[in-house]
Amino acid sequence: MDMDKVYNFKEVEKRWGKYWIENKTFSAKIDKNKKPFTIVIPPANVTGSLHMGHALNATLQDAIIRFKKMQGYNTLWVPGTDHGGIATQNVVEKLLKKEGIIKYDLGREKFLEKVWKWRSDTGDTILNQLKMIGCGLDWDRVSFTMDKSRSKSVKKAFIQLFKRGLIYKGKRLVNWCPRCSTALSDIEVEYEDEKSSLWYIKYPLRDFDSYVIVATTRPETIFGDTAVAINPDDERYMHLVEKILKLPLVNREIKIVSDYIVDKSFGTGVVKVTPAHDIIDNEIAKKNNLETIEIIDINGKMINTPEKYQGLNVEEARKEVVKDLKKADFLTKIEDYTHSVGRCYRCLAKIEPLVSEQWFLNVEEMSKKAVAAVNDAKTIFYPESWKRPYILWLENLRDWCISRQIWWGHKIPIYYCVDDKNNKTSCKPIASFDKPKECQHCKGENFVQEEDVLDTWFSSALWPISVFGWGENENSQDLKYFYPTSVLVTGHEIIYLWVARMVQFSLEFTKDVPYRDIFIHGIVRDKHGKKMSKSLDNVVDPRDIIEKYGADALRFALTKSATPGKDIQIFEESFLAARNFANKIWNASRFILMNLESLGNIDKVDKKINPTELADEWIVVEFESILAKVKTAYDSYNIDIVAREIYDFFWTKYCDWYIELSKIRMMCSDINIKRQVLSILVYILKGVLQLLSPIMPFITSEIWQILNKDKKIIAESVFPKVKFSQFFESLEKMRTVQDIIVKIRTLKSEMNISSAVQIEALFNVLDDNKEKIVKENEHYIKQLAKIVSIQFGKNIKRPKNSALTIAGGFEIFLLLEGIDIEKEKSRLLKELAIAEQEVERTVAKLNNENFVKRAAKVEVKKIQIRFSDATVKVKKIYESLKFL
RNA sequence: GGGCAGUUAGCUCAGCUGGAAGAGCAUUUCCCUUACAAGGAAGAGGUCGCAGGUUCAAGUCCUGCACUGCCCACCA
């Protein structure tokens with residue numbers, strides 16, 4: 001078996017990626033003898049291509065799925081994509097525009113054909129990229145939010161909600177995106193601070209020679225004003241309530257109303273009320289029965305204004321209005337003012353609140369249930385800190401505007417009865433899967449379907465049940481077996497947009513939560529904590545990382561940084577370090593493989609290991625201790641801890657110490673001794689590979705297969721269990737030996753002696769308890785500290801040419817030629833100072849009655865030991881200094 | 001205005017239920033030692049944001065403050 005000196009991840013990753021798919025390693029069938037463990041992937045938009053956020057999200061899910069599989073669960077991870085409503089329509093629209101085609105010229109049907117074509121051409125991009133990072137998804141179950149089955153779920157859900165009276169149509173103020181030409185829900189509006197002005201405008205009183213001054217950020221909406229409002233407690237204006245004003249520029253008469261919503265301290269304390277284009281004003285209008293005048297249409301153009309403003313867009317109108325107000329002396333002041341402005345989350349155009357007829361979903365009852373489910377721990381947030389924001393959001397939720405005036409999406413399954421001329425009759429609209437046969441009211445047989453489509457998040461909210469056939473198959477066995485799912489893994493940016501709504505819908509339609517756990521991870525940011533974006537040019541593309549460092553390195557770097565509750569800052573070096581780790585694993589394995597070959601046959605290692613000496617016992621205990629930690633960490637979604645624990649154990653304990661120590665026996669001519677140590681090396685290596693395989697599946701699969709003649713691949717192996725917990729005392733013994741080795745190395749380094757130079761040493765026993773252990777393991781010290789011979793003794797006087805260090809209960813003299821006395825002196829003085837400080841500190845503690853009385857006994861004992869060690873050290877260094 | 005995080009080595013971050021400050025990268029010295037120079041050995045570098053409090057003992061618990069970031073809000 002030839003292994004390259006440098007790990008060739010490209011070849012390995014390609015091969016294994018293919019293997020899992022071809023062998024359907026992660027395809028799941030119902031098996032009632034096994035417990036299911038289910039994850040449904042957050043469906044990425046078909047417009048998407050893999051970015052770091054997806055890579056992180058997918059890796060975490062994959063790690064959980066692979067871990068649970070090794071724990072014996074019947075695991076299922078369902079893949080799929082989202083049709084992405086507005087986002088997708090916009091993408092296709094842009095592409096067509098490049099060809100000089102505008103969607104209205106094509107018409108709805110032709111345009112939709114184009115979108116479907118585009119989807120079938122490129123819509124699976126992201127799924128294929130998930131394959132690149134080795135995701136153990138069940139590829140036989142790919143779903144799409146607009147495929148047949150999912151469409152049935154959507155219709156069923158809509159009809160059910162409609163029949164319950166929760167869905168209604170109404171003319172209301174909504175968030176309108178003039179660019180996308182559709183209504184949006186409240187959370188689809190993103191707010192951003194913008195520098196603007198606050199204009200102070202005189203509104204003259206009709207019956208007095210006076211006026212009030214209104215401060216506004218939107219002077220152009222003056223034509224839609226139907227009142228001016230003040231706070232009822234505002235003494236400056238109380239007397240003006242119900243008085244009539246004459247609206248500047250148009251002279252229309254409006255009155256002054258009062259409402260506690262008005263903030264006395266803001267501006268002048270007088271606010272203009274534009275019910276058709278402002279949420280708050282709309283509420284004031286409702287309370288005061290004010291008229292609503294629409295002055296901006298769905299294209300963002302002015303309507304119902306004096307001739308000269310008619311048809312202008314909002315920006316132009318503002319300029320004109322300000323100019324004219326100024327000319328007519330209505331404008332008293334302009335102040336710089338920064339306020340937040342709503343923008344469309346898909347195209348960033350400024351949102352125009354306007355009155356429009358839309359479909360709404362009453363969410364009051366569903367929200368209460370969704371809050372209760374989390375409060376009653378039916379579903380649990382990890383980390384818990386997301387529980388409160390989730391609840392607060394649901395408790396303050398307004399009805400959801402679910403209709404969109406775009407073409408790409410689920411057409412609302414509402415049918416209107418129409419007469420011969422295709423005009424809507426006054427009959428009640430019907431919610432139905434297909435076109436109804438007959439109107440129950442007028443017996444008419446002609447219908448037209450609602451033109452609007454549903455918010456894309458409506459179908460997303462059904463995802464955990466629709467992927468199992470809810471709505472299509474009344475008796476879905478999959479739904480019974482795999483649902484509710486085990487955990488949802490997602491970023492915190494879509495808790496409201498998606499997570500909360502899935503809980504609402506699942507409770508509504510299945511009377512159960514969609515998932516037992518909700519694991520919320522952070523968002524991937526750049527080195528300085530900035531969001532990755534094209535405009536900032538700080539995007540790290542996972543595909544480049546895979547190309548350069550490998551998918552395993554990508555996965556490891558991401559998981560290692562993914563501390564729950566925190567966003568992740570990542571940069572090139574993170575992946576480099578992970579790549580180096582993979583290479584380290586490769587080479588350690590290579591070393592073991594090479595030695596196994598010299599045994600003649602890889603199978604020759606013992607199945608049952610037999611720790612015979614200190615290092616063996618020690619490494620086994622150390623391994624089992626991280627084994628326990630890793631298992632707990634996986635189970636509680638602390639995948640970052642898994643990555644760090646394994647990294648630390650493998651590199652600093654297994655490689656730096658155990659492999660180095662194993663070399664003594666590896667070079668031994670006795671084949672039995674060699675096999676014995678190799679058995680342990682292999683045992684631990686295989687264990688580490690298993691612990692790590694959910695995070696780095698490629699390299700671990702590869703090495704496992706080389707090591708294992710078993711047919712079972714690592715993904716189907718059984719996670720290791722604790723077996724040897726009896727060797728705990730080896731930890732302390734090993735610490736002593738390691739302490740001696742490190743101190744000797746340090747001393748040599750400080751004396752500028754090449755680490756390769758072999759030296760003789762005298763060990764003067766200071767602590768009788770340590771003598772046996774160190775004598776038994778002196779070969780370790782010789783090997784790793786490059787000592788040629790050790791002479792043990794008691795009351796040894798310091799030899800002339802020697803350097804001193806005190807470690808592990810010994811006074812250690814290294815015999816050196818031509819020692820620099822001054823250097824040795826200053827070195828010892830430094831050591832002395834440290835030891836003396838230690839004595840002081842420990843004495844202070846031991847003299848503290850309260851400490852001795854109240855601290856745990858173990859703690860007091862520790863301090864006593866430290867005190868006596870330090871005391872001996874001080875004494876010995878003094879003697880030594882005198883001698884010099 | 002409300003909520004939630006964060007503030008630890010030059011940079012990016014760990015540090016669980018309180019018991020002598022850690023990692024990776026960068027940096028200094030030595031080493032191509034027969035798994036790995038994408039490596040090994042040793043070192044330098046922190047008054048753990050500030051101020052109080054609880055405790056024998058606080059990076060760790062409590063209170064207040066400052067700064068940073070994110071989310072939400074009825075920012076006329």
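Proteins get letters first, then strands, A, B, ... in listed order; numbering begins at 1 in each. Every heavy atom of this structure was used, including side-chain atoms; hydrogens, water molecules and symmetry mates were not.
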Under 4.0 angstrom, heavy atoms only, what part of the nucleic acid is [X] near: base, sugar-phosphate, or nothing?
X: I261(A); result: base
X: E838(A); result: base
X: V852(A); result: nothing
X: V270(A); result: base
X: V273(A); result: nothing
X: R388(A); result: sugar-phosphate
X: N583(A); result: base
X: A577(A); result: sugar-phosphate

Looking just at side-chain N and O atoms, do N231(A) and D259(A) make a donor-acceptor pair shorter than 3.5 Å?
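No.
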With respect to the side chain of [X], which nucleotide from [options] is positioned closest?
X: L198(A); options: rC4(B), rG43(B), rA76(B); value: rA76(B)
X: R745(A); options: rA76(B), rA41(B), rC4(B); value: rA41(B)
X: D656(A); options: rG40(B), rA76(B), rG39(B); value: rG40(B)
X: I659(A); options: rG19(B), rA35(B), rU34(B); value: rA35(B)
X: Y647(A); options: rC25(B), rA35(B), rG24(B); value: rG24(B)
X: E859(A); options: rC4(B), rA76(B), rA20(B); value: rA20(B)
X: H492(A); options: rA5(B), rG39(B), rC70(B); value: rC70(B)
X: I280(A); options: rA5(B), rA35(B), rC74(B); value: rC74(B)
X: T746(A); options: rA42(B), rG24(B), rA38(B); value: rA42(B)
X: L392(A); options: rG3(B), rA38(B), rU34(B); value: rG3(B)

Can you work out whether G267(A) or Y496(A) has the more 5'-proximal nearest nucleotide on RNA chain B?
Y496(A)
D640(A) vs W386(A), nearer the 5' end of RNA chain B by closest nucleotide
W386(A)
Look at [X] and [N] and indicate whether a side-chain polar atom (N or O) is within less than 4.0 Å of OP1 or OP2.
X: T563(A); N: rA14(B); result: yes
X: K5(A); N: rA37(B); result: yes
X: K584(A); N: rG40(B); result: yes
X: R644(A); N: rA23(B); result: no
X: K566(A); N: rA14(B); result: yes
X: N752(A); N: rU29(B); result: no

Interatomic distance, [X] [atom1] vs [N] [atom2] [rounded to whole Å]:
X: R525(A); N: rU68(B); atom1: CZ; atom2: C1'; result: 12 Å
X: I351(A); N: rA73(B); atom1: CD1; atom2: P; result: 14 Å
X: K748(A); N: rU29(B); atom1: NZ; atom2: P; result: 21 Å
X: D567(A); N: rA14(B); atom1: CG; atom2: C1'; result: 17 Å
X: W651(A); N: rG24(B); atom1: CH2; atom2: C1'; result: 10 Å
X: I568(A); N: rG69(B); atom1: CD1; atom2: P; result: 20 Å
X: I201(A); N: rA76(B); atom1: CD1; atom2: P; result: 14 Å
X: E335(A); N: rA76(B); atom1: CD; atom2: C1'; result: 13 Å

Between [N] and [M], how many Å separate the two [atom1] atoms, rounded to a whole number?
N: rC25(B); M: rA42(B); atom1: P; value: 15 Å
N: rU12(B); M: rA51(B); atom1: C1'; value: 29 Å
N: rC36(B); M: rA41(B); atom1: P; value: 15 Å
N: rA26(B); M: rU54(B); atom1: C1'; value: 41 Å
N: rG59(B); M: rG19(B); atom1: P; value: 10 Å

Looking at R218(A) and rA76(B), is any side-chain donor or acceptor paired with a base atom of the opposite kind under 3.5 Å?
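Answer is no: no donor-acceptor pair is held.
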At less than 3.5 Å, do the side-chain atoms of E660(A) and the base atoms of rA41(B) form a donor-acceptor pair?
no
Should [N] form a Watson-Crick or G-U wobble pair with both distances under 3.5 Å, which nucleotide is its partner?
N: rG18(B); value: none
N: rA26(B); value: none
N: rA66(B); value: rU7(B)
N: rU34(B); value: none
N: rC61(B); value: rG53(B)
N: rU47(B); value: none

Are Y637(A) and F519(A) near enough that their ring centres are under 6.0 Å apart?
yes
Does the separation of the ring centres of F381(A) and W386(A) fall below 6.0 angstrom?
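No, too far apart.
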Looking at residues at least two apart in the chain, or sitting in another chain, which of them share a side chain to side chain contact (heavy atoms under 4.5 Å, CB included) with K548(A)?
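For K548(A) the side chain to side chain contact (heavy atoms under 4.5 Å, CB included) partners, ignoring immediate neighbours, are E572(A).
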With K202(A) as the cation and F330(A) as the aromatic partner, state whether NZ or CZ is under 6.0 Å from the six-membered ring centre and within 45° of the axis.
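Geometry flag: not set, cation outside 6.0 Å or 45°.
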Could R501(A) and W400(A) be counted as a cation-pi pair, given that NZ or CZ must be under 6.0 Å from the ring centre and within 45° of the axis?
yes
Considering only heavy atoms from C-beta outward, does the side chain of V189(A) approach that of I187(A) to under 4.5 Å?
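Not in contact.
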Please name the residue in the list Y7(A), Y549(A), F556(A), F9(A) that meets the ring-ring contact (aromatic ring centres under 6.0 Å, His included) test with F581(A).
F556(A)
Check step by step if side-chain contact (heavy atoms from CB on, under 4.5 Å) holds for I391(A) and E395(A).
CA-CA 6 Å; I391(A) 289 171; E395(A) 283 177 346; 3.5 Å; yes
Identify, with sequence neighbours excluded, every residue that meets salt bridge (charged side-chain N to carboxylate O under 4.0 Å, His left out) alongside E335(A).
K333(A)
